[in-house]
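Here the structure is laid out as structure tokens; the discussion comes afterwards.
When a residue number appears, it is its place in the shown sequence, counting from 1. On a predicted model such as this, the values are computed, not experimentally measured, just so you know.
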Amino acid sequence: MAIYSECDRRQIDELCATWRTNSLLGDASLLHPDEFPSCWSDAELSELNRKFWGNLLEGEEGGGSFESKWELQLADATIEVKLLAAECLLIYYLITAGVGPDRKLDMINKTIGPDHPELHVTSGSTAYNALNSWIANPGLYFNTRQDIHVGYLMDLALRLKKVSREERVSLLHDNPWGFVQFAEDGERQSDSMRHIVCHLLYPEYFERIASSKHKNLVLKAFGDLDSSGPEAGEDERLFSIRQTLKQRLPGWDEQRRDYYHPDLEPIWRPMTSRDDSASMDPAFGLEFKKQVVFYGPPGTGKTYRAGLLAESVIRTAALQRWGVGTYFDDVAAVDRAVAEHVTRLQMHPSYGYAEFMVGLRLDADGGTSYRLGALPRLVARMRAERHEMGERALPHVLILDEINRTDLSAMFGEAFSAMERDKRDVEVDLFAEGDDGEPIRFAIPPDLYIIGTMNEIDQSVEALDFAMRRRFFWFATPYEEEDLYTIWQAQWTEQSVTVDWHTALPQLQGLAACISRLNARIAELADLGPEYALGASMFGELPYFIGHEWRTKRQGRRAGRYLWDAKGKPLAPLRSLWALSIQPVLAQYLAGSDRRAEQLAELERLLMARPTS
């Protein structure tokens with residue numbers, strides 16, 4: 001079973017069971033079944049779909065926001081259609097921790113409208129309690145593209161109404177794999193909402209995972225535990241893996257077997273990215289190419305992502321080569337293996353062939369001899385481990401930080417060609433002799449992976465040797481708004497901020513919009529450009545500033561004014577963030593500009609001015 005979340009989800013599951021029975025199998029309203037017995041009928045769903053899909057508002061049309069467009073699309077709708085629309089929103093909101101309960105409630109009741117307050121979701125109801133809980137955090141895309149996800153939900157419901165009752169009963173009772181196939185067949189799709197609806201209706205069979213990329217990464221990491229057969233689909237394979245975990249880890253409860261639990265997440269999740277294409281994920285790229293590079297502006301988490309990817313490689317191999325029992329019986333041994341099998345080297349202009357491959361060293365008697373550099377020593381260690389442990393030996397990951405600060409082609413020397421995946425384990429002669437007078441021979445093992453990081457500001461990707469570049473897959477690591485919330489929420493806990501996270505979230509979302517606006521302008525400036533965008537980690541001190549401001553205050557914590565006051569004036573935490581974290585960096589970037597003061601003032605306004613919508 002996959003029924004787990006950090007919160008008490010019983011009210012959510014109860015509501016979804018009612019939705020299945022009363023609204024999808026029947027036609028009744030989820031919130032008011034007696035008053036509106038036909039709210040989810042074919043006719044009402046057709047009308048709602050017509051108002052939404054037949055009147056799509058793109059871009060800045062209709063005010064630009066989902067809320068303003070939604071209001072226009074439903075402006076002349078009957079109360080039955082408005083209630084149906086509100087209930088679609090309710091189902092959409094059940095999963096997510098990324099939207100606060102007050103915002104969920106406000107949007108649902110606004111959709112029903114002010115003329116029918118008796119139909120609003122009220123305190124103490126099952127729906128109210130469900131909205132105050134959540135199941136997962138499906139990410140920024142899910143929370144910001146309500147139109148796509150809610151639109152998919154209403155289309156799926158309408159398609160269900162078009163089939164016979166017998167087929168509908170079959171799809172909604174004890175036929176999870178038939179239901180997921182039906183959910184995939186519609187013309188209008190949202191992968192995230194499809195995964196969520198499957199979990200809400202069949203939580204025993206489908207994981208609480210909204211991302212196709214995450215599902216593929218889990219399958220990659222735990223694939224050896226799958227016994228479902230070659231014809232099984234993605235979710236059937238995940239179900240099979242879960243059954244295997246239950247059998248082999250009988251002492252674990254559902255919480256510990258959850259893929260987002262600290263015991264399992266490091267095995268499969270090397271990084272977070274907005275791109276939901278598994279083929280573009282660095283974990284898959286590294287497996288094929290053997291070498292990848294993360295490049296982008298400072299502060300976008302390149303080194304952090306490299307470390308997560310390296311850890312995932314080692315943990316996945318340990319799980320597969322040692323077996324589930326051994327892996328989880330001695331987690332401390334796995335942690336040591338991760339530390340021992342990841343090597344980090346900081347590149348700099350003085351680091352070259354002699355340090356990395358082989359070089360002459362003075363002996364104690366004043367003579368010289370060749371000494372192996374970092375890479376051959378690492379390879380020798382891997383060879384010894386393979387001899388001792390056989391198939392249980394784990395791969396190694398070499399992280400080269402800031403690879404463009406040295407001449408990478410010269411540093412690799414003869415090993416340049418040995419990096420390629422089809423040249424692994426093929427020996428080459430180094431321009432050095434061993435103690436026996438023979439050339440030192442060297443080969444790169446197939447299970448040595450190399451991860452590089454590079455700041456574009458230091459040197460552009462195009463400036464590197466082309467032959468070297470083609471030996472890597474290159475993954476851009478731009479500023480991503482979603483990373484802000486990950487960093488802020490972690491710091492919120494670490495700094496023990498007394499302000500409630502969900503209360504502060506609306507202003508944090510406003511600041512995130514300001515940061516995106518700021519980076520867009522930085523990309524446009526002739527003196528800067530996209531490579532000078534400010535990474536999310538540069539704004540990571542914000543929770544500290546908020547916590548410091550509110551540490552001794554007892555009143556006003558729920559007022560929601562932590563970054564701007566009621567008139568939009570920036571408050572102390574935001575001013576501190578600018579003065580201590582952001583302004584010094586931008587001033588250095590603009591040091592050679594004739595318009596430095598003017599541009600700094602403009603960028604300050606973009607960050608500090610509260611968004612109007």
Side-chain angles (χ1 to χ4, degrees), residues 5 7-52 66-67 70-71 73-97 99-135 142-143 146-147 149-161 168 172 193 196-197 199-203:
S5 74
C7 295
D8 183 351
R9 57 176 289 166
R10 286 175 293 180
Q11 300 280 0
I12 294 177
D13 291 326
E14 178 184 332
L15 199 66
C16 288
T18 302
W19 179 50
R20 174 200 282 115
T21 302
N22 288 7
S23 305
L24 296 181
L25 287 175
D27 294 333
S29 162
L30 175 59
L31 297 174
H32 304 284
D34 295 334
E35 299 95 318
F36 298 94
S38 301
C39 190
W40 282 77
S41 67
D42 185 328
E44 303 296 353
L45 279 164
S46 294
E47 179 64 9
L48 177 59
N49 274 272
R50 184 187 68 80
K51 286 188 171 297
F52 180 81
F66 170 75
E67 182 177 354
W70 188 242
E71 183 179 357
Q73 289 166 323
L74 297 173
D76 60 350
T78 64
I79 184 55
E80 288 82 3
V81 170
K82 287 184 177 180
L83 181 59
L84 171 61
E87 292 178 0
C88 286
L89 269 183
L90 172 61
I91 298 300
Y92 160 77
Y93 281 136
L94 288 179
I95 193 85
T96 182
V99 180
D102 292 341
R103 173 62 175 169
K104 295 177 182 179
L105 191 67
D106 183 56
M107 278 295 296
I108 290 168
N109 288 338
K110 277 185 176 178
T111 300
I112 294 172
D115 295 337
H116 294 275
E118 74 280 3
L119 301 180
H120 287 185
V121 176
T122 57
S123 176
S125 65
T126 298
Y128 178 86
N129 293 332
L131 291 170
N132 276 273
S133 187
W134 50 273
I135 292 176
F142 182 82
N143 295 329
Q146 299 100 311
D147 53 335
H149 311 308
V150 177
Y152 168 81
L153 183 61
M154 63 179 70
D155 177 72
L156 172 66
L158 179 59
R159 290 196 299 112
L160 278 169
K161 298 295 177 174
R168 198 156 71 245
L172 293 170
M193 197 68 226
I196 286 168
V197 169
H199 175 77
L200 291 176
L201 293 175
Y202 283 104

Evaluate the side-chain proximity of [Y] to [X]: yes if any heavy-atom separation is below 4.5 Å, no if none is.
| X | Y | answer |
| --- | --- | --- |
| M107 | Q146 | no |
| V121 | N109 | yes |
| T126 | T18 | no |
| R168 | L24 | no |

Looking at every non-hydrogen atom in both residues, tell me the closest pair between [X] and [Y] and how far apart they are.
| X | Y | value |
| --- | --- | --- |
| W40 | A28 | CD1-O, 3.3 Å |
| L83 | H32 | CD1-CD2, 4.2 Å |
| A97 | W134 | CB-CD2, 3.3 Å |
| I112 | I79 | O-CD1, 3.8 Å |
| P101 | N132 | CB-OD1, 3.5 Å |
| T96 | F142 | CB-CE2, 4.1 Å |

Will you find, in the side chains of [X] and [Y], an N or O donor that is under 3.5 Å from an N or O acceptor?
| X | Y | answer |
| --- | --- | --- |
| S46 | D42 | yes |
| S29 | E87 | yes |
| E118 | H116 | yes |

Look only at the side chain of [X] and the backbone of [Y], and say whether a donor-acceptor pair between them is shorter than 3.5 Å.
| X | Y | result |
| --- | --- | --- |
| D147 | F66 | no |
| H149 | Y92 | no |
| R9 | S133 | no |
| N49 | L45 | yes |
| H120 | G113 | yes |

At what distance, to the nearest 0.5 angstrom, does [atom1] of [X] lie from [atom2] of [Y]?
| X | Y | atom1 | atom2 | answer |
| --- | --- | --- | --- | --- |
| L89 | L94 | CG | CG | 10.5 Å |
| I135 | D13 | CD1 | CG | 6.0 Å |
| L172 | W19 | CG | CH2 | 8.5 Å |
| I12 | H199 | CD1 | NE2 | 8.5 Å |
| R20 | L160 | CZ | CG | 11.5 Å |
| S41 | F36 | OG | CZ | 12.5 Å |

Q) Does atom CD of E47 have more than 12 heavy-atom neighbours, drawn from other residues, nucleotides or ligands, at distances under 6.0 Å? A)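 Yes, enclosed.
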Q | Pairing of K161 and E44 as salt bridge, 4.0 angstrom limit | A | no
Q: Report the C-alpha distance between I91 and I196 in whole Å, list the side-chain angles of each, state the deciding distance to 0.1 Å, and finish with yes or no for side-chain contact (heavy atoms from CB on, under 4.5 Å).
A: CA-CA 10 Å; I91 298 300; I196 286 168; over 6 Å; no
(Q) Could you work out, with side chain to side chain donor-acceptor pair (under 3.5 Å) as the rule, every residue matching T111, not counting sequence neighbours? (A) W70
